[in-house]
Amino acid sequence: QIVCNLLADASKYAPEGSQIMLQLETTEESAVITLSDDGIDTSGGMLSQDTHAIGFNGTALSIGLTVVRELVEAHGGSLVASGGDADSGNRFVVTLPLAQTDGPPPA
């Protein structure tokens, strides 16, 4: 749900020909999902209506990014959003803790 919502919002506000990049890295303790795009910057208003996004297609941001934040926090993770000026794109970094096991992996 987290990845679907991030991808849906990125594609909703990306002009034709834009790139959306998705990356997954893991450590012993966490999974880090990074989504970046070169569409309009919506990260500054990611949890509320953003005037750039409203101007782009006449609608407000979906609730998708709010849902992402709530899901990430419910799983003990963090969400960091960044972007530059109105046309520099977005970067969302989701960090989720991995489940810890007490023994060796099942055979």
Side-chain angles (χ1 to χ4, degrees):
Q1 188 67 53
I2 291 168
V3 172
C4 284
N5 284 5
L6 286 173
L7 286 170
D9 275 2
S11 63
K12 182 176 181 179
Y13 296 106
E16 190 172 328
S18 297
Q19 291 188 17
I20 299 171
M21 291 144 294
L22 183 65
Q23 178 179 4
L24 170 66
E25 296 179 15
T26 59
T27 67
E28 289 185 23
E29 295 144 2
S30 62
V32 180
I33 302 164
T34 304
L35 181 135
S36 55
D37 64 55
D38 56 3
I40 63 169
D41 176 18
T42 58
S43 63
M46 68 172 270
L47 301 178
S48 63
Q49 293 183 354
D50 182 271
T51 57
H52 297 299
I54 291 169
F56 178 71
N57 69 359
T59 62
L61 284 175
S62 73
I63 62 167
L65 296 174
T66 302
V67 171
V68 167
R69 185 196 67 194
E70 291 175 2
L71 287 171
V72 168
E73 290 175 356
H75 289 291
S78 64
L79 171 63
V80 176
S82 60
D85 52 25
D87 296 317
S88 67
N90 303 282
R91 184 168 189 229
F92 298 95
V93 180
V94 174
T95 303
L96 296 169
L98 295 176
Q100 301 298 314
T101 60
D102 293 331

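Separating the CG atom in D38 from the CZ atom in R91 is a distance of 14.5 Å, to the nearest 0.5 Å. T34 contributes atom OG1, which lies 8.5 Å from atom CG of L22 (distance to the nearest 0.5 angstrom). Summarising the geometry, atom OG1 belonging to T26 is positioned 12.0 Å from atom CG belonging to L96; distances are rounded to the nearest 0.5 Å.
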Stepwise side-chain contact (heavy atoms from CB on, under 4.5 Å) test for R69 and V67 | CA-CA 5 Å; R69 185 196 67 194; V67 171; over 6 Å; no

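In this structure the side chain of V94 never reaches within 4.5 angstrom of the side chain of V32, judged on heavy atoms. Two residues are said to be in side-chain contact when any heavy atoms from C-beta on lie closer than 4.5 Å; L6 and L65 meet this criterion.
Closest approach of L24 and A31 over heavy atoms only: CD1-CB, 4.1 Å. When all heavy atoms are compared, the tightest approach of G76 to P97 is O-CD, 3.6 Å. Nearest approach of T95 to V72, heavy atoms of both residues: O-CG1, 4.3 Å. Between A10 and L35, the shortest heavy-atom distance links the atoms CB-CD2, 3.9 Å.
The one candidate from V68, I2, I33 that meets the side chain to side chain contact (heavy atoms under 4.5 Å, CB included) condition with L79 is V68.
Within the 3.5 Å criterion, the main-chain N or O of Q19 finds no donor-acceptor partner in the side chain of D37.
Applying the side-chain hydrogen bond (donor to acceptor under 3.5 Å, both in side chains) criterion to E29, with sequence neighbours excluded, gives no partner residue. With sequence neighbours excluded, the residues that form a side-chain contact (heavy atoms from CB on, under 4.5 Å) with S11 are I20. Every residue two or more places apart in sequence or in another chain that forms a side-chain contact (heavy atoms from CB on, under 4.5 Å) with E25 is listed here: Q23.
By the rule that hydrophobic residues join a cluster once side-chain heavy atoms approach within less than 4.5 Å of another member, M21 and V3 end up as members of separate clusters. By the criterion of side-chain heavy atoms lying less than 4.5 angstrom apart, applied directly or through intervening Ile, Leu, Val, Met, Phe, Trp or Tyr residues, V93 is not grouped with L98; the two fall into different hydrophobic clusters.
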